[in-house]
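Basis for what follows: all heavy atoms, side chains included, without hydrogens, waters or symmetry-related copies. By convention in this document, chain letters (A, B, ...) are assigned in the order of the sequence lines, proteins followed by strands, and residues within each chain are numbered from 1.
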2 protein chains.
Amino acid sequence: MSDCDACVVRNRAICSALMPDELAALSKLGRKQMVSRGQTLVWEGDESLVVANVIQGVLKLSVSTQDGREQIVGVVFPSDFIGRPFGKESPYGVTALTDAEVCIFTRTAFDGFAKEHPDLQHKLLQRTLDELDRARQWMMLLGRKTASERIATLLIEISDRLGASGCSPIAPFLEKFELPMDRQQMGDLLGLTIETVSRQLTKLKEAEIIELPDRRSVIIKDRRRLENIATAA
Amino acid sequence: MSDCDACVVRNRAICSALMPDELAALSKLGRKQMVSRGQTLVWEGDESLVVANVIQGVLKLSVSTQDGREQIVGVVFPSDFIGRPFGKESPYGVTALTDAEVCIFTRTAFDGFAKEHPDLQHKLLQRTLDELDRARQWMMLLGRKTASERIATLLIEISDRLGASGCSPIAPFLEKFELPMDRQQMGDLLGLTIETVSRQLTKLKEAEIIELPDRRSVIIKDRRRLENIATAA
DNA sequence: TCTCTGCATTGACCTAGGTCAAGCAAGCAA
DNA sequence: TTGCTTGCTTGACCTAGGTCAATGCAGAGA
């Protein structure tokens with residue numbers, strides 16, 4: 001991690017709280033690491049040993065029951081922060097949904113550095129508060145929304161977050177994008193089965209609200225209507 | 001809020017990060033306020049104008065759809081922190097489930113104070129991280145658990161949190177307690193209807209796992225079995 | 001005492017979404 | 001070309017939990 005200046009997420013990740021000399025000090029503690037699709041960075045229940053910034057790619061945070069049901073409890077995009085600073089075991093696993101690149105730190109080294117840099121902690125606090133708000137919106141989805149509302153919400157959310165985190169400088173959202181996950185993972189995120197996900201996507205396609213050129217691609221043809229479905233309006 | 005020394009949550013709320021003189025300064029910014037059952041402290045979507053510590057009582061954080069479905073996205077107990085510091089509108093409403101007492105601050109005053117006191121922010125960060133973990137566990141419940149697993153989980157959770165936050169000095173959990181909410185609110189928290197909540201409670205009663213002396217009271221007779229149901233073991 | 005009011009429970013029925021079981025298309029190896 | 005694999009879709013059926021409609025029951029008031 002020699003060259004933070006060239007880092008594509010330099011100005012959006014928590015690093016943006018730091019001055020150049022502080023950044024240089026932090027960079028000595030971490031290193032870049034590739035994570036290939038499907039590879040698990042942190043196991044659910046393990047002691048929290050590392051934290052990281054996402055540089056490229058998309059990863060999932062997930063929880064499982066003993067009998068194998070899985071729930072994805074978070075999805076992280078470039079510039080997002082991963083991990084549980086300040087002690088504790090990780091209550092969820094972290095697995096790459098696409099090939100990814102992260103900037104990784106041992107938790108203890110990061111904790112120590114964070115304690116000395118209030119601005120960094122402030123940034124981290126803001127991010128955590130945002131993440132909590134997002135988790136709570138998702139609780140509404142899981143507890144009260146119908147299958148079609150869930151699918152519509154997911155498509156809007158991915159379009160927005162790929163737009164905001166992607167390299168595209170201005171787009172607030174994307175109307176064509178690649179899903180960073182397969183149908184099973186969409187189900188695990190939405191609290192649905194793979195079959196229901198598939199049926200709802202077909203329904204949206206038949207209503208000409210979206211197009212599905214191939215398994216992974218989505219084109220939003222009528223964003224207004226999709227938003228209406230998502231918000232149950 | 002003249003006398004923080006006498007405050008029952010002094011050592012558990014975020015105030016515990018402060019030295020006596022700092023605490024005195026903070027106390028000048030806030031005041032105690034009673035909130036009676038059913039009263040709303042913050043409306044969903046309103047600009048975030050206040051934050052608070054809970055001294056007594058229990059409050060809910062909730063989100064609604066346009067057509068009136070409600071999801072409770074958080075429940076706060078004594079010593080917990082309420083509100084969305086550092087800008088933004090509140091994405092959820094805050095309403096008292098029982099008569100409550102809070103120690104309230106304007107958000108701007110609190111933000112200013114927090115910026116000058118890294119230890120306070122650190123404490124707040126830890127709390128927010130814990131809250132996020134709890135929200136994510138609840139996402140698993142809402143997305144993947146059955147009705148009976150949900151009810152069992154809720155009873156365990158309330159027993160634990162009343163035990164930890166209550167005045168009882170040692171009890172890690174309570175085997176007899178008052179529910180701080182009615183059946184409708186249990187449903188809104190679990191993503192179920194009032195009827196399903198009622199039926200599942202009756203089932204647990206008939207299995208002699210719990211007793212229900214009156215509408216609001218619960219006695220856990222067989223905690224082991226209840227935990228097994230909660231974790232889907 | 002009776003009645004009113006607000007929850008909670010219970011029962012009968014219904015449906016959204018789960019389950020199970022085929023198909024089917026794209027990629028890939030031989 | 002065939003056959004195999006992996007992921008997706010589709011159809012037929014089932015069930016957990018929702019909906020609708022009584023009924024019950026405790027506390028408040030008169």
Give one of base, sugar-phosphate or nothing for A:Gly187, where a contact means two heavy atoms less than 4.0 Å apart.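 Answer is nothing: A:Gly187 stays at 4.0 Å or more from every strand.
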Looking only at side-chain N and O atoms, does B:Ser90 offer a donor or acceptor that is under 3.5 Å from a partner on B:Ser48? no
Can a side-chain donor-acceptor contact be found between A:Gln184 and A:Asp188 if the only test is distance below 3.5 angstrom?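 Side chains of A:Asp188 and A:Gln184: pair found under 3.5 Å.
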Taking B:Arg150 for its side chain and B:Leu142 for its backbone only, find out whether a donor-acceptor pair lies under 3.5 Å. yes
Assess the residue pair B:Trp138 and B:Thr153 against the criterion (side-chain contact (heavy atoms from CB on, under 4.5 Å)); give the C-alpha distance rounded to whole Å, side-chain angles, the decisive distance to 0.1 Å, and a yes or no. CA-CA 9 Å; B:Trp138 214 255; B:Thr153 307; 4.3 Å; yes
Measure the distance from [atom1] on [X] to [atom2] on [N] and round it to the nearest whole Å.
{"X": "B:Leu190", "N": "D:dA16", "atom1": "CG", "atom2": "P", "result": "18 Å"}
{"X": "A:Met186", "N": "C:dG17", "atom1": "CE", "atom2": "P", "result": "15 Å"}
{"X": "A:Arg69", "N": "C:dT19", "atom1": "CZ", "atom2": "C1'", "result": "15 Å"}
{"X": "B:Lys203", "N": "D:dG17", "atom1": "NZ", "atom2": "P", "result": "8 Å"}
{"X": "B:Asp214", "N": "D:dG27", "atom1": "CG", "atom2": "C1'", "result": "12 Å"}
{"X": "A:Arg37", "N": "D:dT6", "atom1": "CZ", "atom2": "P", "result": "14 Å"}

B:Arg216: what forms a side chain to side chain donor-acceptor pair (under 3.5 Å) with it, not counting sequence neighbours? none
Per-nt protein contacts along nucleotides 6-12 of chain C (heavy atom under 4.0 Å; B base, S backbone sugar-phosphate only, - none) come out as BBSBBBB
Any heavy-atom pair between the side chains of A:Leu190 and A:Thr196 that's under 4.5 Å?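 With C-beta onward as the side chain, the pair stays apart.
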Report the base-pairing partner of C:dA30 (Watson-Crick or G-U wobble, both distances below 3.5 angstrom), or none.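 Pairing partner: D:dT1.
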